[in-house]
Undergrad: 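Please see the structure below; I have some questions.
Note on naming: letters A, B, ... go to the chains in the order of the sequence lines (proteins, then strands), and numbering restarts at 1 for each one.
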Protein chains: 2
Amino acid sequence: MLCFAIYGAAHAFTRAYKPLLEPLGLTYPQYLVMMALWAEDGQKVKMLGDRLGLDSGTLSPLLKRLEQSGLVKRKRDAEDERQVKITVTQQGLELKERSSGVMAAIGKATGCSLDEVTALREALVELTERLEGAGEK
Amino acid sequence: MLCFAIYGAAHAFTRAYKPLLEPLGLTYPQYLVMMALWAEDGQKVKMLGDRLGLDSGTLSPLLKRLEQSGLVKRKRDAEDERQVKITVTQQGLELKERSSGVMAAIGKATGCSLDEVTALREALVELTERLEGAGEK
DNA sequence: CATAAATCTATTGCACGCAATTGAATTGCG
DNA sequence: CGCAATTCAATTGCGTGCAATAGATTTATG
């Protein structure tokens, strides 16, 4: 059952990240969103959703919590008021520094060489694309 | 980001299963539980939790919904009244037949050879064990 | 034997994840 | 231009996932 192996691995990752992210006051999905924003600030909700594979039903409350924590600002775009632009605050930038150890700790926990990680990641991306392609017919 | 690839693949699987399981009235986690019970009937909640990596907080309401649907029965074990034994009903057994096409459809959607699937699965199980081992220290 | 410790299920509270709907804003078409 | 179709974010409802806790039962300990 490949499905079950992935299911278990995904949860194992979430559990592994949890103790590392807790001191930062972030959940795992929130951390993914912050990483996306650190990589490119000022993204619209739609853009984040496409990149992370999440819809507005998930992102809206998540972003609201990040705003509540003072990490991001949400603002309607002046040119297209349907869109909401998310910008990282000073506090959000500081969190980036404080979270620098997280990636390293996870890399160590996986105990994989860089080659192994790369191969596995590519296989999974490939698989994901095939599954999504099949679903759309 | 390996974490992100797994995160995406897990959701892609869930989405791929969804249209197949909907006609059966099952969610993906419910399907996993039913598969575990079809493989071995009469399991206790604890046993299911260990095998699927879920705790009682997740399983209790899930099993209650399966009972509501008439697929399983929950009964306190006579020998140890702390435990609850889950048994598949006649209706639950009939569902097994009706779901026989699901696995095949997913296998096809992945578009992987048996060797690829096996290799990927083993890599993920290995990774999961390392992550869990690291967490327990 | 009585009591403390451990085990097991259920409940509560919070945070996703997604379908479906709503409401506002923009685009396209006649 | 004017109205319909589209796009986008937010909301609602349901089903996980998990920590923390509670309650009941069994086991271990003195």
Undergrad: Quick one: which of dT11(D), dC8(D), dC18(D) gets closest to the side chain of K18(A)?
TA: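 Of all the options, the side chain of K18(A) is nearest to dC18(D).
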Undergrad: Identify, with sequence neighbours excluded, every residue that meets side-chain hydrogen bond (donor to acceptor under 3.5 Å, both in side chains) alongside E116(A).
TA: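 If we apply the side-chain hydrogen bond (donor to acceptor under 3.5 Å, both in side chains) test to E116(A), skipping adjacent residues, the hits are S113(A).
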Undergrad: Where do A105(B) and L20(B) come nearest, in terms of heavy atoms and distance?
TA: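 Where A105(B) meets L20(B) most closely, the heavy atoms are CB-CD1, 3.8 Å.
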Undergrad: Kindly compute the distance separating CG (L59(B)) from CE (M47(B)), expressed to the nearest 0.5 Å.
TA: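 So the gap between those two atoms works out to 12.5 Å.
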Undergrad: Look at all strands and tell whether R65(B) reaches a base, only sugar-phosphate, or nothing, counting heavy atoms closer than 4.0 Å.
TA: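 Base, at least one base heavy atom under 4.0 Å.
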Undergrad: Quick check on contacts: within residues 48-63 of chain B, what sits under 4.0 Å from DNA chain C by heavy-atom distance?
TA: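 Close to the strand are S56(B), G57(B), S60(B).
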Undergrad: Can you tell me the distance, in whole Å, between the NZ atom of K46(B) and the P atom of dA10(C)?
TA: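 Result: 14 Å.
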Undergrad: How long is the line joining CD of E22(A) and C1' of dC18(D), in whole Å?
TA: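 For the pair E22(A) CD and dC18(D) C1', the rounded distance is 11 Å.
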Undergrad: Quick check on DNA chain C: between R76(B) and H11(B), whose nearest nucleotide comes earlier from the 5' end?
TA: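 Taking each residue's closest nucleotide, the earlier one in sequence belongs to R76(B).
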Undergrad: Near DNA chain D, under 4.0 Å by heavy atom, which residues of residues 25-36 of chain B?
TA: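 Heavy-atom contacts with DNA chain D come from T27(B), P29(B), Q30(B).
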Undergrad: Please list, chain by chain and in numerical order, all residues satisfying side-chain contact (heavy atoms from CB on, under 4.5 Å) with T58(B), sequence neighbours excluded.
TA: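 Listed in chain order: L54(B), D55(B).
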Undergrad: Between Y31(B) and W38(B), how do the two ring planes meet: parallel, tilted or perpendicular, split at 30° and 60°?
TA: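 Ring orientation of Y31(B) relative to W38(B): perpendicular.
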Undergrad: Can you confirm whether more than 12 heavy atoms, excluding those of K46(B), are under 6.0 Å from its NZ atom?
TA: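 For K46(B), atom NZ is not crowded (no more than 12 foreign heavy atoms under 6.0 Å).
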Undergrad: Is the number of heavy atoms from other residues, nucleotides or ligands within 6.0 Å of NZ (K44(A)) greater than 12?
TA: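 Enclosed.
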Undergrad: Is there a side-chain polar atom (N or O) of K64(A) under 4.0 Å from OP1 or OP2 of dT11(D)?
TA: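 For dT11(D), OP1 or OP2 has a side-chain N or O of K64(A) closer than 4.0 Å.
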Undergrad: Provide, to the nearest angstrom, the distance between the CD atom belonging to Q83(A) and the P atom belonging to dT7(D).
TA: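 About 12 Å, once rounded to whole Å.
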Undergrad: Once you apply a heavy-atom cut-off of 4.0 Å, does K85(B) come out as touching a base, just sugar-phosphate, or nothing?
TA: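 Nothing: the residue K85(B), judged by heavy atoms under 4.0 Å, touches no strand.
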Undergrad: Counting C-beta onward and ignoring hydrogens, is there a side-chain heavy-atom pair between L95(B) and Q91(B) closer than 4.5 Å?
TA: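 Heavy-atom side-chain distance check fails, nothing below 4.5 Å.
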Undergrad: Suppose we screen for side-chain contact (heavy atoms from CB on, under 4.5 Å). Which residues come up paired with A123(B), at least two apart in sequence or across chains?
TA: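 Applying side-chain contact (heavy atoms from CB on, under 4.5 Å) to A123(B) gives L120(A).
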Undergrad: Just verifying a value: how many Å separate R76(B) CZ and Q83(B) CD, rounded to the nearest 0.5 Å?
TA: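 Answer for the CZ-CD pair, R76(B) versus Q83(B), is 9.5 Å.
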Undergrad: Could you check how far NZ of K44(A) sits from P of dA10(D), rounded to whole Å?
TA: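 Going from K44(A) (NZ) to dA10(D) (P), I get 13 Å.
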Undergrad: Could you give the CG-to-P distance, from L66(A) to dA15(C), as a whole number of Å?
TA: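 Taking atom P of dA15(C) as the reference, CG of L66(A) is at 11 Å.
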Undergrad: Atom pairs, N/O to N/O, protein against nucleotides 23-28 of chain D, distance under 3.5 Å?
TA:
unit_1	atom_1	unit_2	atom_2	d
dT26(D)	OP1	E81(B)	N	3.3

Undergrad: Identify the nucleotide, in any strand shown, that forms a Watson-Crick or G-U wobble pair with dA10(D), with both distances under 3.5 Å; if there is none, say none.
TA: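 Looking at the geometry, dA10(D) pairs with dT21(C).
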Undergrad: Run through Y28(A), Y7(A), F13(A) and flag the one making a ring-ring contact (aromatic ring centres under 6.0 Å, His included) with Y7(B).
TA: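 Between Y7(B) and the candidates, ring-ring contact (aromatic ring centres under 6.0 Å, His included) is satisfied uniquely by Y28(A).
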Undergrad: In whole Å, I'd like the distance from the OH atom of Y7(B) to the P atom of dC18(C).
TA: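 Taking OH of Y7(B) and P of dC18(C), I get 8 Å after rounding.
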Undergrad: For K75(B) and dC8(C), give me the distance from atom NZ to atom C1', rounded to whole Å.
TA: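 In whole Å, dC8(C) C1' and K75(B) NZ are 18 Å from each other.
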Undergrad: Closest approach of M34(B) and L66(B), non-hydrogen atoms and distance?
TA: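 Answer, listing the atom of M34(B) first, then L66(B): SD-CD1, 3.9 Å.
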